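For reference, the structure discussed in these notes is given below.
None of the values given here were measured: they were computed from a predicted structure.
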Amino acid sequence: QASDKNYYKRHNFNAIPMYDYEIRDVFNRIKTPKINLSFKILIRSQNMNGGFNPPGVGPKNEMIKTDFILKVYAQNVGKVYAKYINCFIEIPEVILLDEFEYGDRKRKAEFLLDNKVRDFIGIEGNYSYHKEKYSGYRYEPILPTRVLRIDDGLPNLHQYYRDYYNKEITWTVYADNSEPLSGKIRIENIDVEHERI
């Protein structure tokens, strides 16, 4: 705040007065979290022969299963932790695996993602049959500068998702008392990583 009681911001090497909404935004950044979303596509290839080939079967007969997984990360770039977040994401149905198998529709599928997690607490059963046990859901706070993966429950992408490189994923994020933040990203701009297991 200057001596004339106005607030100023730098713009093109000039100091210009700030509007009321700009001043409120600066003060709110100190009191509320700010969540940014980022995306990555994981192409995971798995040898379905269990890592070995049976006698008489060479490497050319490997059975490889490939999944195309959309990973979504929430990063808190604000000054305070985020206790609750809700992310509404719209993905073009044409790039989703289920829609590719059952019909090529041109709508967008909507998904709600949040920061609920479950803790792994053990395995029950015996050698021939076992099941993983998890705790009930709880909210995982996102501390400032920290990142949480939140894509649990999203369907996989189909193998021809790249053909729709100009399609966009859009989203809106709500966190505690913050103003909602919206964004979008084209399929061609999402980073890709490969994994073989």
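For Asp114, the salt bridge (Lys or Arg N to Asp or Glu O under 4.0 Å) test picks out Lys116, with sequence neighbours left out. Residues meeting the side-chain hydrogen bond (donor to acceptor under 3.5 Å, both in side chains) test with Tyr139, sequence neighbours left out: none. Shown here are the salt bridge (Lys or Arg N to Asp or Glu O under 4.0 Å) partners of Asp67, two or more places apart in sequence or in another chain: Lys65. Asp20 pairs by the side-chain hydrogen bond (donor to acceptor under 3.5 Å, both in side chains) definition with Arg24, not counting sequence neighbours.
Counted within 6.0 Å of OH on Tyr165, heavy atoms from surrounding residues, nucleotides or ligands total 12 or fewer; the atom is thus considered open.
Of all heavy-atom pairs spanning Pro144 and Gly78, the tightest one is CB-O, 3.5 Å. Taking all atoms of both residues into account, the shortest heavy-atom contact from Ser135 to Arg118 is O-CD, 3.2 Å.
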Derivation of the side chain to side chain contact (heavy atoms under 4.5 Å, CB included) call for Leu96 and Ile91:
CA-CA 8 Å; Leu96 297 177; Ile91 302 174; 3.7 Å; yes
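The main-chain N or O of Leu97 is never found under 3.5 Å from a side-chain atom of Asn156 such that the two would form a donor-acceptor pair. Judged by distance alone, with hydrogens and angles left aside, the side-chain atoms of Asn14 form no donor-acceptor pair with the main-chain N or O of Ile16 at under 3.5 Å. Under the 3.5 Å distance criterion, the side-chain polar atoms of Ser178 are left unmatched by any main-chain donor or acceptor of Thr32.
Relative orientation of the Tyr21 and Tyr19 rings is parallel, given thresholds of 30° and 60° on the angle between their planes. Note: Phe39 and Trp171 have tilted aromatic rings, judged against thresholds of 30 and 60 degrees for the angle between ring planes.
Residue pairs meeting the ring pair (Phe, Tyr, Trp, His ring centres under 6.0 Å) criterion with at least one partner in residues 173-197, sequence neighbours excluded, are Phe88-Tyr174.
Between the side chains of Gln75 and Tyr73, not a single donor N or O lies within less than 3.5 Å of an accepting N or O.
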Which pairs of donor and acceptor atoms, one on a side chain in residues 146-155, lie under 3.5 Å apart (sequence neighbours left out)?
residue, atom, partner, partner atom, Å
Arg149, NE, Asp151, OD1, 3.2
Arg149, NE, Asp151, OD2, 2.6
Arg149, NH2, Asp151, OD1, 3.1
Asp151, OD2, Val72, N, 2.8

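Of the candidates Ile185, Leu37, Asn189, Ile185 is the only one forming a side chain to side chain contact (heavy atoms under 4.5 Å, CB included) with Ile169. Each of Asn177, Val173, Asn76 was scored for a side chain to side chain contact (heavy atoms under 4.5 Å, CB included) with Pro33, with one residue passing: Asn76.
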